[in-house]
Structures are given as structure tokens and as C-alpha cells.
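Take a look at the structure below.
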Amino acid sequence: NVLGVRKETSYGDLQALIGNTYITVLEHLKELGGAEVVGKIIQLTHELKEDSLDAEICVPISKQLADHGTLKSIELP
């Protein structure tokens, strides 16, 4: 189970997207309680363009949670 964000971003902004997503997940988990981060951040690239990419940033968590704002709950196979 992961919480993640999918967004088109520039290559230069990718690191900020990863950091901001991680902080948002941590804040959400703290607010809810009962779930925790259980692995390293996963960055998936769906489409590469000349000056941007369609990136999905996922944070593995200990249990499945509902979507929350820009965070989407994803169950990986």
C-alpha cells in the first residue's frame, strides 16, 4: 500500500516534488495515527518529455488509507 501523487513536473522541480510529497504523507499519517511509513520513496515515470516528465511519487505505508486531497491511495501488486 502506498500514498502517492502523480504530477507533470520539470526535471529541476522533481526533487522538490519528492520532498513535498513525503512531508505531506508524514503530516497526513500523523493526523490519522495508526499507519506509518514502511519503506523508501518510489518514483515512477510515466512519460518523459524534452523538458518535463509525468512522475508519480509514492510512499509505502503500513496499511491502506483513503485518498486525501492530492494524495491518492494505491495498492501495488
Side-chain angles (χ1 to χ4, degrees):
N1 300 316
V2 300
L3 282 177
V5 170
R6 184 171 177 178
K7 183 177 180 182
E8 185 163 330
T9 188
S10 69
Y11 294 101
D13 290 340
L14 180 60
Q15 188 172 9
L17 177 62
I18 292 169
N20 291 337
T21 299
Y22 191 72
I23 290 168
T24 302
V25 168
L26 290 178
E27 289 172 348
H28 182 55
L29 295 179
K30 182 178 177 183
E31 183 180 300
L32 287 179
E36 57 188 40
V37 173
V38 294
K40 296 181 180 182
I41 295 172
I42 302 165
Q43 189 260 312
L44 306 169
T45 303
H46 295 280
E47 183 179 355
L48 295 172
K49 298 180 182 175
E50 187 173 317
D51 58 351
S52 66
L53 65 152
D54 179 4
E56 190 165 9
I57 311 303
C58 302
V59 179
I61 56 174
S62 58
K63 67 179 188 179
Q64 188 166 3
L65 300 173
D67 293 352
H68 178 77
T70 59
L71 293 175
K72 303 300 177 200
S73 180
I74 305 161
E75 190 168 356
L76 297 176

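Predicted model, so just to flag it, every value in this text is computed and none were measured.
Val37 and Leu44 fall into different hydrophobic clusters, where Ile, Leu, Val, Met, Phe, Trp and Tyr side chains are chained together by heavy-atom contacts under 4.5 Å. Follow the hydrophobic side-chain contacts under 4.5 Å out from Val38 and you never reach Val25; the two are in separate clusters. The hydrophobic cluster containing Ile18 also contains Leu3, counting ILVMFWY residues as joined when their side-chain heavy atoms lie under 4.5 angstrom apart, directly or transitively.
Other residues, nucleotides and ligands place no more than 12 heavy atoms under 6.0 Å from the NZ atom of Lys7.
By the 4.5 Å heavy-atom criterion applied to side chains, Thr45 and Asp54 are not counted as neighbours.
Listed by chain and residue number, Glu8 satisfy the side chain to side chain donor-acceptor pair (under 3.5 Å) test with Ser52 (two or more places apart in sequence, or in another chain).
Pairs passing the side-chain hydrogen bond (donor to acceptor under 3.5 Å, both in side chains) check and including a residue from residues 11-24, sequence neighbours excluded, read Ser10-Asp13.
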Under 3.5 Å, which donor-acceptor pairs do the side chains of residues 56-70 form with other protein atoms, sequence neighbours left out?
{"unit_1": "Glu56", "atom_1": "OE1", "unit_2": "His46", "atom_2": "NE2", "d": "2.6"}
{"unit_1": "Ser62", "atom_1": "OG", "unit_2": "Glu36", "atom_2": "N", "d": "3.0"}
{"unit_1": "Asp67", "atom_1": "OD1", "unit_2": "Ser73", "atom_2": "N", "d": "2.7"}

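With rounding to the nearest 0.5 angstrom, the CD1 atom of Ile74 is 10.5 Å from the CG atom of Asn1.
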